[in-house]
Amino acid sequence: MSDLRLSGVRYELTRTLLHDLDLTFAAGRMTALSGPSGSGKTTLLSIAGGLLRPSAGEATYAGAPMWRGTGDPRPEVSFVLQVYGLVPILSARENVSVALRARDVDPDEADERAAQALARFHIADLADRQVEELSGGQMQRVALARGLCVGAGVLLADEPTSELDEGNRGLVLAELRREADRGAVVVVATHDPAVVDACDDHHALDEGRLVDHTEPVQLPVEGSRGSLRSHLDQRDAGSHLDQPDVQVVEQGGAPATSGRRDHPTDDPDQPGSRGSLRSHLDQQDAGSDLDQQDAGSDLDRPEDDDPYELFRRPPGSP
Ligand SMILES: Nc1ncnc2c1ncn2[C@@H]1O[C@H](COP(=O)(O)OP(=O)(O)OP(=O)(O)O)[C@@H](O)[C@H]1O
Ligand SMILES: [Mg+2]
C-alpha cells in the first residue's frame, strides 16, 4: 500500500490555478476534496493522476512520478471523471469492458467482470443499453463501474455522486469504502456534505489554495436533506466536533474542513457512518442484496432532520 503525495504542486495557465500544494492522500483511506466550483478540484485530481503536468512540484505514488510525459495515467490509476468520459454509442457493458481490455484482460473475462461491476451499482439490467439512452445518474454509475472494476491502487473520483439519489449515493460510498478497505488511495471531489461526512480525511480548496482548518470556511445553508445524524448525535454528546481538526464554523457556501477525521461511530444504525457503510457491504457479501438499498434501508433519513444544522453554529460555540 502506497500513499499518493503532492509536493509543491503549482499549476499555471494564464493565472495560477493551484498554489504550491503539499498534500498526502493515504492508502486505505477515503479522502474528500471539497471547494466551490472553480476552486481547482478537477485540476488537482488531473495532476494527482498524471493527466496534467504541474508547472512546478510533482505528484508521486510509490515513489515514482505520476506525470509520465504524455498525459497517459499510470496503470495503477483509475479515474471516475466528472463528465463520465463514456462512449455514447457503446453499451454500458462495453464501456466498462474497454477499461479492462486496456489493461490486457482477456475479452471474455473483461465482459464478465464488466457485468459484475455494473451489478455492484444495481445496473446489471442496463448492460446492453447504449449509454446515450441512459439517464445522467445511470451514466454516472456506469462510469463508477468502469472506474472501480480494475482494482486500481489510486482511485480518483470527481463528483461521483452528483447525479444520484440518496440511496444510490449510499451505495456508491459503500463501494468506494470497499476500494479503500483493500488498500487503495481513494480521493473523492465533492460538494456534498454527506460525502465529506463518509470520508476519513478532508481537504478543502478555495481559489487553488488549501483552506486552513483554523480559518472560517463557507458552508451551505440550503441543500439536500441528507442526514448527518451521527455528527449531530456526537455533537450532542460533546465529542469529536470539539476537536480542532474537525471544527466547523459558519459563513455560507461549501462545506470545508481540512485534515484527518476520526469516524465518530461504527454503529450501523448511524446513516453515513462507517458502520452504516459496513453494513451495506455485509449485506452484499451475505447476498441479501442490493435492491434493498433502493428501498432505503439504513440510509433512510427522517425529513425533519436538518443536515446543515451543525454548519450553522456560530464560530466558537460548543
Ligand atoms: N483548460 C483551461 N483553461 C483555462 N482555465 C481553466 C482550464 N481548466 C480549468 N480552468 C479554470 O481553472 C479553475 C479551476 O477549474 P476546476 O475545473 O479545477 O474547478 P473545480 O473545483 O473542479 O470546479 P467544479 O466544482 O465546477 O467542477 C477554474 O477557474 C477554471 O475556469
Ligand atoms: Mg470539477
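As the structure lists them, so they are numbered: ligands from 1, and atoms in each ligand from 1. Every value quoted in this text rests on a predicted model; they were computed, and no experiment measured them.
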Exercise answer: donor-acceptor pairs, residues 6-15 side-chain atoms, under 3.5 Å, sequence neighbours excluded:
| unit_1 | atom_1 | unit_2 | atom_2 | d |
| --- | --- | --- | --- | --- |
| R10 | NE | D20 | OD1 | 2.8 |
| R10 | NH2 | D20 | OD1 | 3.1 |

Polar protein atoms (N, O or S) that approach the Mg ion (ligand 2) to under 2.8 Å: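 Protein N, O or S atoms closer than 2.8 Å to the Mg ion (ligand 2): T42 OG1, Q82 OE1.
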Going by heavy atoms in the side chains, are [X] and [Y] under 4.5 Å from each other?
X: Y84; Y: E163; value: yes
X: V80; Y: D158; value: no
X: L90; Y: V131; value: no

Within one Ile-Leu-Val-Met-Phe-Trp-Tyr cluster: W67 and Y61, side-chain cutoff 4.5 Å: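 No: no chain of side-chain contacts under 4.5 Å links W67 to Y61.
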Donor-acceptor contact present, side-chain R113 to main-chain C149, <3.5 Å: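 Side chain of R113 to backbone of C149: a pair is present.
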Backbone of T42 reached by a side-chain donor or acceptor of S46 within 3.5 Å: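 Judged by distance alone, yes, a pair lies under 3.5 Å.
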Residues clustered with V105, ILVMFWY side-chain links under 4.5 angstrom: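 Listed partners: L100, V150.
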Measure and list all N/O to N/O distances between ligand 1 and the protein that fall under 3.5 angstrom.
| unit_1 | atom_1 | unit_2 | atom_2 | d |
| --- | --- | --- | --- | --- |
| ligand 1 | 18 (O) | T42 | N | 3.4 |
| ligand 1 | 18 (O) | T43 | N | 2.9 |
| ligand 1 | 18 (O) | T43 | OG1 | 2.6 |
| ligand 1 | 19 (O) | G40 | N | 3.4 |
| ligand 1 | 21 (O) | S39 | N | 3.2 |
| ligand 1 | 21 (O) | S39 | OG | 3.4 |
| ligand 1 | 21 (O) | G40 | N | 3.0 |
| ligand 1 | 21 (O) | K41 | N | 2.9 |
| ligand 1 | 21 (O) | K41 | NZ | 2.8 |
| ligand 1 | 22 (O) | T42 | N | 2.9 |
| ligand 1 | 22 (O) | T42 | OG1 | 2.9 |
| ligand 1 | 23 (O) | G38 | N | 2.8 |
| ligand 1 | 25 (O) | K41 | NZ | 2.7 |
| ligand 1 | 25 (O) | E159 | OE2 | 3.1 |
| ligand 1 | 25 (O) | H191 | NE2 | 2.9 |
| ligand 1 | 26 (O) | S37 | OG | 2.5 |
| ligand 1 | 27 (O) | Q82 | OE1 | 3.1 |
| ligand 1 | 27 (O) | Q82 | NE2 | 2.8 |
| ligand 1 | 27 (O) | E159 | OE2 | 3.4 |
| ligand 1 | 29 (O) | R15 | NH2 | 2.6 |

Nearest atoms (heavy-atom pairs only) where H19 meets R209: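 In this case the closest contact between H19 and R209 is ND1-NH2, 3.4 Å.
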